[in-house]
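So that the names make sense, note that chain A is the first sequence line, chain B the second, and so on, each numbered from 1.
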Amino acid sequence: MKYPYEEFKEEATAGLAEAIKKLYGIEAEIKIEEPKEIADLAYPCFPLSKILKKSPKEIAEEIAGEIKRREWIDKVEAVNGYVNFFINVKKLAEKLLKKIEEMGDEFGKLPRKNLKVIVEHTSANPNGPLHVGRARNPIIGDTIARLLKFGGYDVVTQYYVDDMGKQVATLFWGVKNLKIEIEHEKADHRYVVFYQKASQLMDEDENVKKEIEEIIKKCERGDEKTLQELKEIYEKVLDGIIESLRNLNIEIDEFVEESRFVLDGSVEKVVKELEKLPYAGKEGKATYIDLEPFGVHGRDKKFYLTRGDGTSLYATRDIAYHIWKGERADMMINVLGEDHKLEAKFVEIALKLLNKKVPEVIFYSFVSLPEGKMSTRKGRVVYLDDLIEEAIERARKEVIKRRGEDEKLEYIAKNVAAGAIRYNIIKVRAEKPIVFKWDEALNFEGQSAPFIQYAHARCCSILRKAGYEGEAKPNYEHESEIKLIKMLALFPEIIKESVKTRNPSMLAEYAYDVASSFNAFYRDCRVIGSEKEKERLALVNATRVVLKNCLNILGIEALEEM
RNA sequence: GGGCCCGUGGCUUAGCAUGGAUAGAGCGACGGCCUUCUAAGCCGUAGAUCGCGGGUUCAAAUCCCGCCGGGUCCGCCA
């Protein structure tokens with residue numbers, strides 16, 4: 001199965017190759033471009049000019065003269081050394097609308113690949129509520145998962161639960177030893193106070209530090225009773241985190257506890273295997289791998305696998321986890337903060353040395369506050385729950401302003417809020433650092449989720465009123481109609497591209513462009529009651545489908561009214 | 001000291017992988033548009049040495065080298 005735009009592109013490429021062969025007798029690599037306003041496709045003749053010793057202008061003219069109108073190619077022009085192609089809009093409209101009509105929610109999907117991919121994201125220590133500094137993780141992870149599913153992969157998402165590290169142990173110690181009364185409906189917010197106080201005491205009091213260290217040691221030795229006790233506490237915090245995620249439309253398929261890899265002996269096996277390698281060394285009883293031969297330079301290039309007492313370290317357990325994961329999937333994708341780069345590099349090196357599958361990693365920069373990096377320990381944070389709550393509050397005001405209070409108020413406000421937050425994170429490339437500002441994070445206008453949701457709601461409203469039944473003979477002439485058709489046709493291309501590059505921000509941008517093109521159409525072309533009502537309704541419906549599919553991938557509710 | 005990432009109008013950002021035709025948006029500012037399908041919208045104006053300096057090329061925001069500024073890491077933490 002091919003999408004219409006794809007067919008056009010193939011026809012143009014084939015036509016070019018043929019023409020060049022015929023004219024100059026050479027097999028040229030055809031690199032085709034998609035200039036926005038100028039043409040639908042363009043072929044620059046500059047590289048050929050060098051080989052042929054002819055001006056690009058002349059070459060373009062010769063080639064353009066050679067390429068005939070075909071099924072998809074409506075017009076070919078030579079301009080400034082480019083061969084410009086124009087698509088047969090009538091044909092495009094016919095084929096595209098038919099395809100969208102048939103496929104509906106499936107439109108834009110790529111063929112099934114029969115490859116299982118595990119997307120690991122969030123994996124935050126369950127010692128307190130999620131904060132905005134890490135909010136990119138679940139949003140990027142969930143969007144990537146949805147995107148890959150749409151792109152034909154079988155996707156499972158995993159949250160790796162660090163149930164035996166310092167953070168959870170500190171939390172546990174705090175809950176057991178401190179008396180703090182705090183009111184909050186969510187457990188993660190109640191418990192984080194114990195964690196904060198305990199961390200503070202740990203810095204001040206050597207005995208507290210020792211007690212916490214003892215808890216960690218017990219866990220790492222596989223003491224099941226201690227692990228169980230910790231679990232009873234952290235599980236409540238984790239439930240709070242899960243609830244926060246659910247408010248952003250994020251569900252995680254599997255939770256994998258770190259301790260299982262200690263308990264089942266796989267961590268020990270990893271250490272034994274790695275110890276045998278020539279890169280391994282010992283310092284006292286602690287084992288390390290020297291990273292210098294792998295191109296890692298710095299003050300200290302030793303990466304430790306075990307402590308002096310033989311217990312394992314986080315990265316070592318992470319290796320065991322990845323071996324386990326790799327046995328259960330064809331591909332692994334991890335979403336990690338940029339602070340994990342070195343650790344991830346180490347895990348990668350270790351996995352390669354052990355001849356195991358290596359994960360792809362998507363790194364993101366932190367969301368910081370104007371006063372600096374967020375920190376749960378220091379209490380310098382904006383919690384995700386507070387952001388969501390504020391977003392809903394603001395959305396509610398907007399909804400009331402527009403449509404008054406009705407039974408749909410909460411539903412709309414909640415989804416506008418969640419959408420706005422998700423969109424604002426995903427529209428920016430993951431590597432870019434973000435400084436958190438309330439008004440930017442909660443923008444409901446311009447390039448934002450509500451803008452796109454609004455266009456979708458407008459589509460739905462028109463279709464509702466007109467009673468669309470799905471029959472149409474497309475014949476579009478208005479510039480805004482044509483622009484919109486072409487925009488919709490690009491959807492599968494955008495999916496292909498963003499799946500390939502694992503870059504959902506491209507899709508976010510595209511969804512905005514579709515909504516924007518629709519608004520122009522809405523402005524210029526009356527639908528209901530016009531002579532062209534039927535075919536315009538078909539276009540509105542096609543727009544609705546594309547917007548909905550975009551929004552679904554972005555994890556944003558496609559509201560039907562707002 | 002070293003590694004990696006970021007640097008595009010006042011602010012936020014797309015484009016950078018695979019170099020091409022006038023650098024595309026949004027916010028904010030200013031001025032307009034609700035008697036017709038939802039004004040969370042639309043139209044217009046102003047605003048850009050694409051961090052700086054070299055280089056490669058017919059062509060550089062995009063590739064290479066150097067520098068500057070910011071982030072991040074270099075722990076027997078996670």
Taken in chain and number order and not counting sequence neighbours, the residues that satisfy side-chain hydrogen bond (donor to acceptor under 3.5 Å, both in side chains) with A:K408 are A:E561
Keeping the roles fixed (side chain from A:N519, backbone from A:A455), state whether a donor-acceptor pair exists under 3.5 Å.
-> no
For A:Y512, the ring-ring contact (aromatic ring centres under 6.0 Å, His included) test, sequence neighbours excluded, returns A:F451
For A:Y279, the ring-ring contact (aromatic ring centres under 6.0 Å, His included) test, sequence neighbours excluded, returns A:F294
The complete set of side-chain hydrogen bond (donor to acceptor under 3.5 Å, both in side chains) pairs with one or both residues in residues 209-218 of chain A, sequence neighbours excluded, reads A:W173-A:E211
With sugar-phosphate taken as primed atoms, P, OP1 and OP2 and all else as base, the protein-contact string of nucleotides 21-34 of chain B at under 4.0 Å (heavy atoms; B, S, -) is BB--SSS-------
Per the 3.5 Å Watson-Crick/G-U criterion and a run length of at least three, the stems involving RNA chain B are B:1-7 with B:68-74, B:10-13 with B:24-27, B:29-33 with B:41-45, B:51-55 with B:63-67
What pairs of nitrogen or oxygen atoms, one from the protein and one from nucleotides 3-5 of chain B, lie under 3.5 Å apart?
{"from": "B:C4", "atom 1": "O2'", "to": "A:K341", "atom 2": "NZ", "distance (Å)": "2.8"}
{"from": "B:C5", "atom 1": "O4'", "to": "A:K341", "atom 2": "NZ", "distance (Å)": "3.4"}
{"from": "B:C5", "atom 1": "O2'", "to": "A:E431", "atom 2": "O", "distance (Å)": "3.4"}

### Task
For A:F451, report the nucleic acid contact type (base, sugar-phosphate, nothing); a contact means any heavy atom under 4.0 Å.
sugar-phosphate
Sequence neighbours excluded, the answer for ring-ring contact (aromatic ring centres under 6.0 Å, His included) partners of A:Y304 is A:Y288
Problem - Phosphate OP1/OP2 of B:C73 contacted by A:K373 side-chain N/O (<4.0 Å) - result: yes
Those residues at least two apart in sequence (or on a different chain) that pass side-chain hydrogen bond (donor to acceptor under 3.5 Å, both in side chains) with A:E258 are A:R317
For A:T170, the side-chain hydrogen bond (donor to acceptor under 3.5 Å, both in side chains) test, sequence neighbours excluded, returns none
Need one value for A:C459: base, sugar-phosphate or nothing, where a base atom within 4.0 Å counts as base even if backbone is also close, heavy atoms only. nothing
Residues at least two apart in sequence or cross-chain that pass side-chain hydrogen bond (donor to acceptor under 3.5 Å, both in side chains) with A:E481, listed by chain then number, are A:R536
Name each donor-acceptor pair under 3.5 Å that joins a side chain in residues 427-438 of chain A to protein atoms two or more places apart or in another chain, with its distance.
{"from": "A:K427", "atom 1": "NZ", "to": "A:Q447", "atom 2": "O", "distance (Å)": "3.1"}
{"from": "A:R429", "atom 1": "NE", "to": "A:E431", "atom 2": "OE1", "distance (Å)": "2.9"}
{"from": "A:R429", "atom 1": "NH2", "to": "A:E431", "atom 2": "OE1", "distance (Å)": "3.2"}

